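These values consider heavy atoms only, across backbone and side chains, with no hydrogens, waters or symmetry-generated copies. Atoms within each ligand, like the ligands themselves, are counted from 1 in listed order. This structure is a prediction, so every number in the text was calculated from the model and none was measured.
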Amino acid sequence: MSNELLKSDVTAEALIAKAQRDGVETMWDRKAAQKTQCGFGEAGVCCRICAMGPCRVSPVPGKGAERGICGANAGTIVARNFVRMIAGGASAHSDHARDIVHAMHLASAEGPFKIRDEAKMRRIAAEWGIEAADTKETYALAHELAEMALEEFGKPFGTQRFLTRAPQQRQDIWKRERMEPRAIDQEITTIMHSTHIGCASDIDSLLNRGMRASLGDGWGGSMIGTEFSDILYGTPKACASESNLGVIDAEMVNIVLHGHDPNLAEVVVVASKNPELLELAKSLGAKGINVVGMCCTGNEVTMRHGIKIAGNFYQQELAIITGAIEAVIVDVQCIFPALPALAKKYHTHFVSTSQKAKIAGDMYIEFSESDALNCAYGIVKTAVENFANRDASKVEIPNFKEPTIAGYSVETIIDHLDKVVNSQLEDKLGTVKPLSDVIYAGVIRGAAGVVGCNNPKTEHDLGHVTVIKELIKRDVIVVVTGCAAQAAAKVGLLTLEAKELCGRGLKEVCERVNIPPVLHMGSCVDCSRILDLVSRVAVEKGVDICDLPVVGSAPEWMSEKAVSIASYVVASGINTYLGIIPQVLGSVEFTELLNEGVRANVGAVYVFEKDPLVAVEKMMVDIEEKRTALGI
Ligand code: CUV
Ligand code: SF4
């Protein structure tokens, strides 16, 4: 490992040492306290779905109990646990999306929720068959479209509207497999029903249902979350930022925005520019208000406003340990319940804002969309006032940060391609053709989406960074979201200069198109942008998604949302490489179904590979096989 690769660890190392000096615990202490993790749980063979249990069956066939009290075997128990993870993940993404659409339903010309990408709204309105989508009054259309989107969560009939974005071949497969997701909530409910005691036990059927719910996430909830966030807050454009804990500024009021939901984050960013609050900050001796992002809320505001990235999932405690954070403001998902107690050891206010994520020991200031600006003003004011309580002797900010370019929505990527390829033409192509052409020509061998979390089962960020670096070296263009994007950002991979780490073909493309080889496409719900991009390439070439030389990778995932993402990526026809093995190995049958069997249904599989270097080798074989089959 080069020093450069471990730059992020230097940050962590210093702050973990500080945590020890300060007498506070971190996730690594708690991981150690867990000692050896439960073997039954790890294998997925523990069932506590009913109160006759818990039952645990032997993960090794022929040894110990092979069935739970009801007769469920390892396959059934593992499959049920796995698809329940999908349900959890799909619900999180989709419920987030619903809040965005509700905010759009409140939108008005006066704001704070406004239509900021009207063209996109009209495009989607036309896509969904709204009459006079191009002429209707802006806010009348916004409210009509929002109502239609809200129907997607609970409509009694029909399937998800965005499915038609996929190539016809893929839609046919979903129809054949009875995998077309109906209402988003219905698919999640169906999983909870099917996995109830005494319901489904057939592992193929269970996985099929799980995949259908996951597609309701990827092509339903997540896609709605992404598209409607763009309509409300603007479609991201390439913008400059900086990443890693070094963006915390000792001379300013520091506010960490952590979680997932742009509704809150957007108004906090607005409030942080309020002249009265800036004046208050200065009167307390601060130079200003520094809002920094963490996890996916961070990604949302980085993409749209260039807000600096403090870090990803594993750094949430480290940020507080710098001693320089006046407030951590959270909304939903991926927030450690450990944070309030940690914050109390410093002067940091831990402010939770959503009923859905009421965190014990927090300072609770409920965010309400209908009174958004006042809410945000109050929250930021609390943070600013807290600057007076900062103890300078406890402040230690690691001096590591890297320049970062984020904001590659599909629209922005197309825009970049157009600028280069058609600089002489008057009309823009407005398609991904130049991208698919360079892939077909072999200048770029393929594309990879590297996404997901951090997980203390493996060294943080190392999997992400290794996979990404090795892929770009081999002329594979990489798109990133979530904490993987932030891992890449922290080692300078989201820069134009990173082209120097690429193979010749990819380097040339980066130079001509003026893009980094690793494109930050957003938060976890923005994995739907990747689906959109890949679909456009497939449609443009007249092939199915599973024919293209593209792979998915989640080197360090941990959340249920990641299981849902992996499942919809596979169900969309993309082989997905997981660096953390899901808790399924207790069933040989179910493991084989994921690793091989499901190929017959959807043309793609889940690949388990812990070693990032080996994973990349497998991805390259995969990519080259796809190229050969296409005859390119
Ligand atoms: Ni939603 S789901 S740790 S913040 S990527 Fe980050 Fe992304 Fe995983 Fe959570
Ligand atoms: Fe045991 Fe079956 Fe109940 Fe699960 S559902 S706890 S295997 S009896």
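Contacts with ligand 1 closer than 4.0 Å are made by heavy atoms of both the backbone and the side chain of Cys296. Residue contacts with ligand 1 for Met558 involve side-chain atoms from C-beta outward but no N, CA, C or O (heavy atoms, distance under 4.0 Å). At a 4.0 Å heavy-atom cut-off, ligand 2 touches Arg80 through the side chain alone.
Taking the centre of each ring, Phe313 and Phe336 come in below the 6.0 Å mark.
Under a 3.5 Å cut-off, the side chain of Arg304 and the backbone N or O of Thr235 do not form any donor-acceptor pair. A donor-acceptor pair is defined here as one N or O able to donate and one able to accept, closer than 3.5 Å; such a pair exists between the side chain of His520 and the backbone of Gly522. No donor-acceptor pair closer than 3.5 Å links the side chain of Glu402 to the backbone N or O of Ser243. Ser272 contributes a side-chain N or O that, together with a main-chain N or O of Val269, makes up a donor-acceptor pair within less than 3.5 Å. A donor-acceptor pair under 3.5 Å is formed between the side chain of Asp331 and the backbone N or O of His260. A distance-only check finds a donor-acceptor pair linking the side chain of Glu609 to the backbone of Asp611 [under 3.5 Å].
Residue contacts with ligand 2 leave out Arg67, since none of its heavy atoms falls under 4.0 Å from the ligand. Within the structure, the closest approach of Ser559 to ligand 1 falls below 4.0 Å when heavy atoms are considered.
For His260, the N, O or S atom closest to atom 1 (Ni) of ligand 1 goes by the atom name NE2.
Taking each of Gly89, Cys483, Gly452, Cys453 in turn, the one with a heavy atom nearest to atom 8 (Fe) of ligand 1 proves to be Cys453.
Close contacts between ligand 2 and Cys47 involve ligand atoms 4 (Fe), 5 (S), 6 (S), 7 (S) [criterion: under 4.0 Å to a heavy atom]. Close approach of ligand 2 to Gly53 is summarised as follows: ligand atoms under 4.0 Å from at least one heavy atom of the residue are 6 (S). The contact set between ligand 1 and Phe313, taken as ligand atoms under 4.0 Å from a residue heavy atom, comprises 3 (S). Against a heavy-atom cut-off of under 4.0 Å, Ile197 is close to the following atoms of ligand 2: 5 (S). Close contacts between ligand 1 and Cys295 involve ligand atoms 4 (S) [criterion: under 4.0 Å to a heavy atom]. Listed by atom number, the atoms of ligand 1 under 4.0 Å from Lys561 heavy atoms are 1 (Ni), 2 (S), 9 (Fe). Under a 4.0 Å criterion applied to the non-hydrogen atoms of Cys524, ligand 1 contributes the atoms 1 (Ni), 2 (S), 5 (S), 7 (Fe).
At a cut-off of 2.8 Å, Cys50 coordinates atom 3 (Fe) of ligand 2 through an N, O or S atom.
Judged by the 6.0 Å distance and 45° axis criteria, Lys358 is positioned over the aromatic ring of Tyr364.
Ranking protein heavy atoms by distance to atom 9 (Fe) of ligand 1, first place goes to Cys334 SG, 2.3 Å. From the protein, the heavy atom lying nearest to atom 1 (Fe) of ligand 2 is Cys55 SG, 2.3 Å. Scanning the protein for heavy atoms near atom 8 (S) of ligand 2, the closest one is Cys70 N, 3.4 Å.
The side chain to side chain donor-acceptor pair (under 3.5 Å) contacts involving residues 45-66 comprise nothing, where partners must be two or more places apart or lie in separate chains.
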Run the numbers on Lys31 and Glu25 for salt bridge (Lys or Arg N to Asp or Glu O under 4.0 Å), then give the verdict.
CA-CA 10 Å; Lys31 170 94 165 63; Glu25 68 170 33; over 6 Å; no

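Side-chain atoms of Arg529 and Thr226 include no donor-acceptor pair closer than 3.5 Å.
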